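This structure is in structure tokens; I'll ask about it shortly.
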Amino acid sequence: MARILITSAIPYINGIKHLGNLVGSQLPADLYARYMRARGHEVMFICATDEHGTPAELAAAKAGQPVADYCAAMWQVQSDLAKGFRLSFDHFGRSSSQRNHRLTQHFAGKLAENGLIEEVSEKQVFSVADNRFLPDRYIEGTCPNCGYDRARGDQCENCTKQLDPTDLINPRSAISGSTDLEIRETKHLYLKQRSLRGKIEAWIDSKTDWPILTTSIAKKWLNDGDGLQDRGITRDLHWGVPVKKGDQPWPGMEGKVFYVWFDAPIEYIAATAEWADAHGKDDAAWQRWWRTDKGAEDVRYVQFMGKDNVPFHTLSFPATIMGSGEPWKLVDYIKSFNYLNYDGGQFSTSQGRGVFMDQALSLLPADYWRWWLLSHAPESSDSEFTWENFQVSVNKDLADVLGNFVSRITKFCRAKFGEVVPEGGAPDDQARALITDLENRTRAYEGFMEAMEIRKAATELRGIWAAGNEYLQSAAPWTVHKTDPEAAAAITRLSLNLIRFYAVLSEPFIPDAAANMLAGMNTTDQKWPGDVAEALTALPPGHAFTVPEVLFAKISDDDRDDWASRFSGIRT
């Protein structure tokens, strides 16, 4: 049994996330966590809300709430939506927690002790109209690299190039749109990342199994232009982690907070400590996941994120960990994703384009969305959501293949043998061929899941469902029963066992349907099929079952057209 630590990128607190956000981190992380638990491994799956910085302040002001109250309310909304999509976090934390405050201040103090923090007097953009210094991401303008006219002052969303506000052409305040900007002097703390370049580069080079997308982005940021740069870790804001060295004041930094991208990844650690607190456990319980001197040396740590988050997780957060000089666990594998686009354009929270998590659940249960998103995960390139494709995938994969199989065999059995697994007969050559095929397919499915090749895993799982459907259609127990009831009983018994088998294999993708299949088969046996032939005898003759309700309803053309019209990219 392995110990596997899984984190998905921490979503911003300001608003409900869209399906592109979901499939870019949290959902595939949940798939992997569920699979690893099913295989008997010890899993710690952590996520949280990212609550600090100007986005939270502005959203709270727009909502007419104190920022702390706004964040608490939105944490609950995001937590409830995560449960709605069946995201199986061991803990869903908050970066505003006292645990994160203390850990962030601890890391800053250690970095300072090791000579890796520099106090810099710098000139920063001040908006006269807004009467405040503007954080980098709240200055917009034209990217000097690609010409995108809505680039932010920290990074261009279009070409992902790292920027400083002074790089932008025709800069303006993203708050008010004002171009009445001044450059004023302020002091900030910088993390001397350049001093750690050699260590970071060697560490990245050692990760030969990382996805090409992850490695290419990391090396681009490491080597492009002047290479890895020192980065400011403080901001002139009110909402955030107060700047301290451990628990001591930091002279000259009064009234400042740590930059949200410095404290947010530290919340992965803090959230694990929050989990321990919530379960009445001591510090040893969470340190065994994060401290290599406390038992974490045998932990495999896997992160899931969209490609826009890769630079901070391959450079800045590792710089914090390495620079502390303490034995903290570094990530072993980063699974990164391209973008999911929406019906000919991009999902955009700020522009309100696309289907959001709450809207999705108001239309259909979570499994419909989980299946489509995971089977179309943007792994090697961007992918696109269209209502036509969604309808076809749901109707063919879920309703026609899996749902139809379950319905046909249970109803047939009830009609001919009653609601019990029938006895009699023995597997014939056709059944043995199916078992051999499923053995090979199951091992291939396991390989794809372990390698986090999500689309390939979904394709293999779909093939496993189809193999059972094809067997049932070919074996035709409804015909065989007319002349050889015992042979029909053997076909039916194998097919009913396939339902339990499918439930176990499918649970990481479609957990609610899997639970319904197990309930229908009147079993709690979720043992992973180490041997397929053995697994297909788990439900013995005489075992009672019930005919389940329709697993998946088809999406009609009228519904598809209605949703396409209602969710045309404008969120009101």
Side-chain angles (χ1 to χ4, degrees), residues 12-14 50-62 67 108 117-194 221 224-226 228-243 250 252-264 308-309 311-312 315-316 348-351:
Y12 279 121
I13 196 69
N14 61 329
D50 181 0
E51 300 189 8
H52 292 141
T54 304
E57 289 186 4
L58 295 178
K62 184 177 180 181
V67 65
I117 298 292
E118 182 178 10
E119 188 174 308
V120 176
S121 291
E122 63 176 27
K123 293 181 178 178
Q124 191 173 332
V125 177
F126 186 89
S127 171
V128 176
D130 302 308
N131 192 32
R132 63 182 296 166
F133 284 102
L134 294 179
D136 296 350
R137 64 181 288 115
Y138 275 81
I139 305 164
E140 289 185 344
T142 300
C143 175
N145 184 55
C146 71
Y148 180 58
D149 65 358
R150 298 193 65 181
R152 299 193 309 254
D154 59 345
Q155 182 184 0
C156 177
E157 191 178 54
N158 187 56
C159 69
T160 75
K161 183 175 179 62
Q162 183 178 353
L163 298 169
D164 285 315
T166 53
D167 296 331
L168 293 174
I169 301 167
N170 300 323
R172 61 188 178 275
S173 166
I175 301 170
S176 62
S178 173
T179 58
D180 188 5
L181 308 179
E182 296 179 357
I183 303 298
R184 297 187 182 182
E185 191 167 288
T186 185
K187 287 184 179 180
H188 283 294
L189 301 179
Y190 271 64
L191 174 58
K192 298 166 71 173
Q193 294 185 143
R194 284 182 293 184
W221 278 56
D224 272 10
D226 295 327
L228 185 63
Q229 297 295 302
D230 298 344
R231 294 287 287 170
I233 63 168
T234 57
R235 287 293 183 269
D236 289 297
L237 297 172
H238 301 295
W239 176 244
V241 179
V243 178
W250 203 310
M253 292 292 118
E254 296 82 3
K256 297 180 188 289
V257 299
F258 284 108
Y259 180 28
V260 64
W261 260 109
F262 181 70
D263 82 78
D308 54 330
N309 282 328
F312 291 100
L315 303 174
S316 297
S348 172
T349 301
S350 60
Q351 297 175 30

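Note that this is a predicted model, so its numbers are computed, not measured.
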Open item on the list: Among K192, R194, Q193, exactly one meets side chain to side chain donor-acceptor pair (under 3.5 Å) together with D230. Which residue is that?
Closed with: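 The residue from K192, R194, Q193 that satisfies side chain to side chain donor-acceptor pair (under 3.5 Å) with D230 turns out to be R194.
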Open item on the list: Can you tell me how far apart CZ (R235) and CG (D136) are? Round to the nearest 0.5 Å.
Closed with: 4.5 Å
Task: Separation between CG of D154 and NZ of K161, rounded to the nearest 0.5 Å - done: 13.5 Å
TODO: State whether the side chain of E57 and the backbone N or O of P55 hold a donor-acceptor pair below 3.5 Å, judged by distance alone.
DONE: no
- [ ] Would you indicate whether the side-chain heavy atoms of S316 and L191 approach each other to under 4.5 Å?
- [x]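 A side-chain contact is absent here, since even the closest heavy-atom pair is not under 4.5 Å.
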- [ ] State, with a plain yes or no, whether a side-chain heavy atom of V120 is found less than 4.5 Å away from one of H188.
- [x] no
- [ ] Would you confirm whether T234, through its side chain, and L189, through its main-chain N or O, come within 3.5 Å as a donor-acceptor pair?
- [x]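 Indeed, once roles are kept as given, a pair shorter than 3.5 Å links the two residues.
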Task: Under 3.5 Å: donor-acceptor pair, side chain of D149, backbone of T142 - done: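 No, the answer is negative, given that no donor and acceptor are paired below the 3.5 Å cut-off.
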Task: Exercise: do S176 and D130 side chains pair donor with acceptor under 3.5 Å - done: yes
Open item on the list: I'd like to know if E119 pairs up with K187 as an ion pair, taking the criterion as any Lys NZ or Arg NE/NH1/NH2 lying under 4.0 Å from an Asp or Glu carboxylate oxygen.
Closed with: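 Yes, this pair counts.
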- [ ] Using the six-membered ring wherever Trp is involved, compare the ring planes of H52 and W239 and label them parallel, tilted or perpendicular (cut-offs 30° and 60°).
- [x]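 Taking W239 first and then H52, their aromatic rings stand perpendicular (interplane angle over 60°).
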Open item on the list: I need the Y12 OH to E51 CD distance, nearest 0.5 Å.
Closed with: 12.5 Å
- [ ] Identify whether the distance between the nearest side-chain nitrogen and carboxylate oxygen of D236 and R132 falls below 4.0 Å.
- [x]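 Salt bridge absent between D236 and R132.
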TODO: Return the minimal non-hydrogen interatomic distance between R172 and T179, and the atom names on each side.
DONE: CB-CG2, 4.0 Å
Task: Gap separating the CD atom of E122 from the OG1 atom of T186, nearest 0.5 angstrom - done: 7.0 Å
